[in-house]
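To start, the structure itself, in structure tokens.
Just the heavy atoms: all of them, side chains too, but no hydrogens, waters or symmetry mates, feed the values below. Sequence positions, counted from 1, serve as the residue numbers for this chain. First listed ligand is number 1; within each ligand, the first listed atom is number 1.
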Amino acid sequence: MHDENPSLPGYWDKRYASGQTPWDFGGVPVDLGNFLQRSLTPRVLIPGCGSGHEVKAFIAAGYDVTALDISPVAVERAKRTVGAALAHCVQLGDFFTHDLAPESFDLIYERTFVCALTPDRRTAYRDRCAQLLKRGGSLTGYFYYQNTAPDAGPPFGFAWGEADELFSRYFILTKDVEVNDSLPLFAGRERWQERRRTSFKG
Ligand SMILES: C[S@@+](CC[C@H](N)C(=O)[O-])C[C@H]1O[C@@H](n2cnc3c(N)ncnc32)[C@H](O)[C@@H]1O
């Protein structure tokens with residue numbers, strides 16, 4: 001009698017014991033696999049990665065890393081830094097034109113890349129970041145600011161209000177703190193900033 005009531009464990013015990021389990025997938029269905037992949041492996045883009053010091057750190061923290069540099073020498077160096085097993089994470093390419101799917105990154109990590117570009121390319125940098133980040137994704141890292149007169153660069157520092165105005169089209173500044181371990185070149189003029197991609201399409 002108890003064996004016919006699905007509210008009681010005996011019903012299920014009997015099904016398992018007799019192998020009558022037509023619901024049992026025997027593994028992980030594809031959509032769940034995709035979901036877990038998406039939610040557990042955030043994707044980070046490191047444009048202008050230089051020597052690639054951060055690539056290993058992001059991988060160790062659970063990120064799927066794409067590091068990009070336009071200089072073959074830098075790419076070679078970054079591949080050496082990360083080692084043969086992770087060398088595939090480092091690619092030769094131009095941030096502005098490299099084949100990267102829109103809205104495919106959770107994070108873009110910035111360090112001394114935007115300040116290496118001439119200021120006339122900043123709007124293109126912002127737009128490219130906005131294009132590549134998922135909604136809610138983050139443009140995060142170190143941003144370099146000038147004191148008063150525009151610098152001869154690189155590095156080209158932002159004026160404070162200028163950066164806010166530039167990024168506010170697509171981003172909300174969610175964190176802004178001073179940096180205490182800057183290299184002498186950037187000392188006192190570098191901020192750690194996190195900007196969240198809004199849903200604005202432009
Ligand atoms: C000042 S270095 C910074 C390197 C690295 N981010 C770091 O913190 O050590 C700027 C880097 O950006 C690269 N770069 C310049 N223009 C680029 C572009 N359009 N796309 C990708 N990389 C670029 C340069 O080759 C160089 O390695």
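Among pairs with a residue in residues 52-63, those fulfilling side chain to side chain donor-acceptor pair (under 3.5 Å) read E54-Y109, at least two apart in sequence or across chains.
Here T21 pairs with nothing under the side chain to side chain donor-acceptor pair (under 3.5 Å) rule; sequence neighbours left out. Scored by the side chain to side chain contact (heavy atoms under 4.5 Å, CB included) test, A163 finds Y145, F158, F167, R195 as partners (sequence neighbours excluded).
A cation-pi contact links R121 to F96, judged by a cut-off of 6.0 Å to the six-membered ring centre and 45° from its axis.
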Contacts table for ligand 1: protein N or O within a distance under 3.5 Å of ligand N or O, distances only.
from	atom 1	to	atom 2	distance (Å)
ligand 1	6 (N)	G48	O	2.7
ligand 1	6 (N)	R111	O	2.7
ligand 1	8 (O)	R111	O	3.4
ligand 1	8 (O)	R111	NH1	2.7
ligand 1	8 (O)	T112	OG1	2.9
ligand 1	19 (N)	D94	OD1	3.0
ligand 1	20 (N)	F95	N	2.9
ligand 1	22 (N)	I70	N	3.2
ligand 1	25 (O)	D69	OD1	2.5
ligand 1	27 (O)	D69	OD1	3.3
ligand 1	27 (O)	D69	OD2	2.7

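Taking the ring centroids of F200 and F171, they lie at or beyond the 6.0 Å cut-off.
Of the N and O atoms on the side chains of W192 and E190, not one donor lies less than 3.5 Å from an acceptor on the other residue.
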